[in-house]
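Just so you know, these numbers come straight off a predicted model, no measurement behind them. One is the number of the first residue; the rest follow in order along the sequence.
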Amino acid sequence: MNMKEELETKTGMANDIYLNDIAVDPLTIRTIMINEVVPSDPLQDFYGSPDADYLKTTISLLQRAGAEVTSVQDILRMGIYITNAVKTPKTEYTVDKSSIEYSLPYLETEISLFPNIKVIMLMGDVAKKSFNMITKKSTGKNVIPAVSTYKLRNSEFYYKGIRVMPSYIMTGRNILIEKSKAEMAAADIAVMLEIIR
C-alpha cells in the first residue's frame with residue numbers, strides 16, 4: 001500500500017501535512033521507529049532522496065547496531081518502518097503541543113496500519129510525548145513515564161502486547177555532536193533487532 005494515499009483516505013488531506021509517499025507491505029513490518037518531526041525539505045526525509053540527511057544518520061545508527069543496511073529499502077526489507085511524529089516542519093527551535101496534536105490523527109492511523117508490530121521505538125522526546133497522547137486516549141495513562149530517557153532505557157514498557165522503547169532522536173546535527181546519545185540509540189536499536197529476529 002502507498003502510505004500517503006492510505007493515510008489521506010483514512011484521515012483526510014491537508015496541504016501542510018507531509019506524509020511518507022512510499023509503498024509498504026504492512027504485513028512485513030515488525031518495528032515502527034518514530035522520529036520527532038519532518039524536515040523542512042521533504043527530500044531530506046527518510047523516503048526522500050537516497051542521500052537524505054535523515055536517512056544518513058539513521059543508516060549509521062542501524063549499522064552501529066549491527067544491521068547490514070545501506071538504503072531505505074534495506075531497512076524496509078528488515079521489517080522496519082520509519083516515520084515522524086509531527087508531520088509539519090517546525091518553525092521554531094522546539095515543537096509546540098499544537099503541532100503534535102495537529103499531526104496526531106495521522107500518526108495514530110499510521111500505527112494502526114501495521115498488524116504484526118513487535119516493537120515501537122520512540123526516537124526522542126517529541127515521539128515519546130506523541131505516543132503517550134495516543135495511548136492516554138485508550139488507557140487513561142501514559143505508557144512511558146515523563147522522566148529522562150536515560151532513566152527509562154533499561155525498563156520494559158508494553159502497549160497492547162507491543163514493546164515500546166524510548167530512545168534518543170536519530171536525526172539532525174545533535175546526533176553527530178552528542179556521541180554518547182548516538183551510542184545509546186545504537187544500543188537500543190540493537191535490542192530492537194534482537195526482538196524482531
Salt bridge (charged side-chain N to carboxylate O under 4.0 Å, His left out) evaluation trace for E183 with R64 | CA-CA 8 Å; E183 290 302 320; R64 281 184 184 181; 3.3 Å; yes
Across all chains, not counting sequence neighbours, the side chain to side chain donor-acceptor pair (under 3.5 Å) partners of T83 are N20, K87, E110
Contacts of K129 meeting side chain to side chain donor-acceptor pair (under 3.5 Å) (sequence neighbours excluded), chain-then-number -> none
Checklist entry - Parallel, tilted or perpendicular: which fits the ring planes of Y159 and F131, with parallel below 30° and perpendicular above 60°? => result perpendicular
Name the one of [options] that satisfies side-chain contact (heavy atoms from CB on, under 4.5 Å) with [X]?
{"X": "I189", "options": "V119, L62, T31", "result": "L62"}
{"X": "T171", "options": "V37, L55, T58, N84", "result": "T58"}
{"X": "M33", "options": "I82, L61, L122", "result": "I82"}

Would you confirm whether [X], through its side chain, and [Y], through its main-chain N or O, come within 3.5 Å as a donor-acceptor pair?
{"X": "T57", "Y": "Y54", "value": "yes"}
{"X": "S99", "Y": "V95", "value": "no"}
{"X": "N132", "Y": "V143", "value": "yes"}
{"X": "S71", "Y": "D74", "value": "yes"}
{"X": "E36", "Y": "I169", "value": "no"}
{"X": "S148", "Y": "Y150", "value": "no"}
{"X": "E8", "Y": "M13", "value": "no"}
{"X": "S49", "Y": "L43", "value": "yes"}
{"X": "E108", "Y": "I134", "value": "no"}
{"X": "R30", "Y": "M78", "value": "yes"}

So do the side chains of [X] and [Y] get within less than 4.5 Å of each other, counting heavy atoms only?
{"X": "I75", "Y": "I59", "answer": "yes"}
{"X": "E6", "Y": "L113", "answer": "yes"}
{"X": "K4", "Y": "Y47", "answer": "no"}

| Between D188 and R153, is the closest basic N to carboxylate O distance under 4.0 Å? | yes
More than 12 heavy atoms from other groups under 6.0 Å of NZ on K56: yes
Please assess Y158 against E156 for the test side chain to side chain donor-acceptor pair (under 3.5 Å), listing each intermediate value before the final yes or no. CA-CA 7 Å; Y158 291 88; E156 291 189 17; 2.8 Å; yes
